[in-house]
Amino acid sequence: MGFPGKNVKKDDGASAPRTTTIAAGTSVVGDLELKDNFHLDGKLQGQLTSSADVTIGRSGSFKGEISAKRVLISGVMDGKIDADRLEIVATGQVSGEIRVREFVIESGGQFVGASQVKKHEPKPTSLRAVDGGSEKEGAAPEARVEQQS
């Protein structure tokens with residue numbers, strides 16, 4: 001497992017995400033939780049959670065559950081995926097259950113399983129009763145819908 005590159009500063013002062021890599025020929029069993037990108041060329045079995053992007057390279061093989069922002073599959077994936085976007089390229093093979101907002105399969109890519117579309121979640125709203133100053137006894141207060149920010 002490698003942690004290539006330094007935490008490079010962008011022009012606006014923010015840090016660019018780094019990439020954790022499991023090289024070809026390496027096998028790992030266990031759970032990983034990352035804030036940065038992840039690239040798999042070896043074998044991984046377990047649960048992988050990343051708030052960034054996950055890529056399974058051509059020689060990569062994953063068995064388990066992935067939860068990430070975006071997932072790109074060039075190798076083999078067997079299990080569950082929960083992501084905003086899943087892309088299976090020509091050499092990619094996915095079997096299992098997926099729950100994504102965007103789903104792209106290139107010509108030659110393979111998917112066998114069940115898929116569910118995640119809905120775009122709107123900002124939460126709340127109803128708040130406001131006493132409109134009504135002097136009538138038993139009068140119902142008016143309700144206003146307010147967006148939470």
S.K.: Before accepting this row, confirm whether a basic side-chain N of the pair R70/D53 lies closer than 4.0 Å to the acidic partner's carboxylate O.
M.R.: yes
S.K.: Determine yes or no for a side-chain-to-main-chain donor-acceptor pair under 3.5 angstrom, with S51 supplying the side chain and K35 the backbone.
M.R.: yes
S.K.: Consider only side-chain heavy atoms of I, L, V, M, F, W and Y, link residues closer than 4.5 Å, and tell whether V104 and V54 are in one cluster.
M.R.: no
S.K.: Rounded to the nearest 0.5 Å, how far does NZ of K80 lie from CD of Q47?
M.R.: 10.0 Å
S.K.: Between OG of S74 and CG of L40, what distance do you get to the nearest 0.5 Å?
M.R.: 11.0 Å
S.K.: Just by distance, no angles: are the side chains of D41 and H39 close enough, under 3.5 Å, to form a donor-acceptor pair?
M.R.: yes
S.K.: Step by step, work out the side chain to side chain contact (heavy atoms under 4.5 Å, CB included) result for I73 and F62.
M.R.: CA-CA 10 Å; I73 309 286; F62 183 92; over 6 Å; no
S.K.: Would you compute the distance between atom CD of Q45 and atom CG of D78 and round it to the nearest 0.5 angstrom?
M.R.: 9.5 Å
S.K.: Are E97 and R99 ion-paired here, with the side-chain N under 4.0 Å from a carboxylate O?
M.R.: no
S.K.: Could you give me the CA-CA distance, side-chain angles and deciding distance for D82 and S67, then say whether side chain to side chain donor-acceptor pair (under 3.5 Å) is met?
M.R.: CA-CA 5 Å; D82 187 333; S67 178; 5.1 Å; no
S.K.: To the nearest 0.5 Å, how far apart are CG in L32 and OG in S50?
M.R.: 10.0 Å
S.K.: Any side-chain heavy-atom pair from V71 and I56 closer than 4.5 angstrom?
M.R.: no
S.K.: Is the shortest distance from a Lys or Arg side-chain nitrogen in D36 or R18 to a carboxylate oxygen in the other one below 4.0 Å?
M.R.: yes
S.K.: Just by modelled atom types, is the V89 backbone N or O under 3.5 Å from a matching donor or acceptor in the E106 side chain?
M.R.: no
S.K.: So D84 and K69, salt bridge (charged side-chain N to carboxylate O under 4.0 Å, His left out) or not? Walk me through it.
M.R.: CA-CA 5 Å; D84 287 339; K69 187 173 184 177; over 6 Å; no
S.K.: Linking I/L/V/M/F/W/Y whenever their side-chain heavy atoms sit closer than 4.5 Å, directly or via other members, would L72 and I105 fall into one cluster?
M.R.: no
S.K.: Do Q110 and I88 make a side-chain contact, defined as non-hydrogen atoms from C-beta onward lying under 4.5 Å apart?
M.R.: no
S.K.: If you define the side chain from C-beta out and look only at heavy atoms, does anything of R101 sit under 4.5 Å from V117?
M.R.: no
S.K.: Checking I98 against Q116 for the side chain to side chain contact (heavy atoms under 4.5 Å, CB included) test, could you report, in this order, the C-alpha distance in whole Å, the side-chain angles of both residues, the deciding distance, and whether it holds?
M.R.: CA-CA 6 Å; I98 63 169; Q116 182 180 17; over 6 Å; no
S.K.: I'd like to check F38 versus L48 (side-chain heavy atoms, cut-off strictly below 4.5 Å). Are they in contact?
M.R.: yes
S.K.: Looking at A24 and S59, what are the two nearest heavy atoms and their distance?
M.R.: CB-OG, 3.9 Å
S.K.: Once you round to the nearest 0.5 Å, how far does CE of M77 lie from CD of E65?
M.R.: 8.0 Å
S.K.: If you round to the nearest 0.5 Å, how far is CD1 of I81 from CG of L86?
M.R.: 4.5 Å
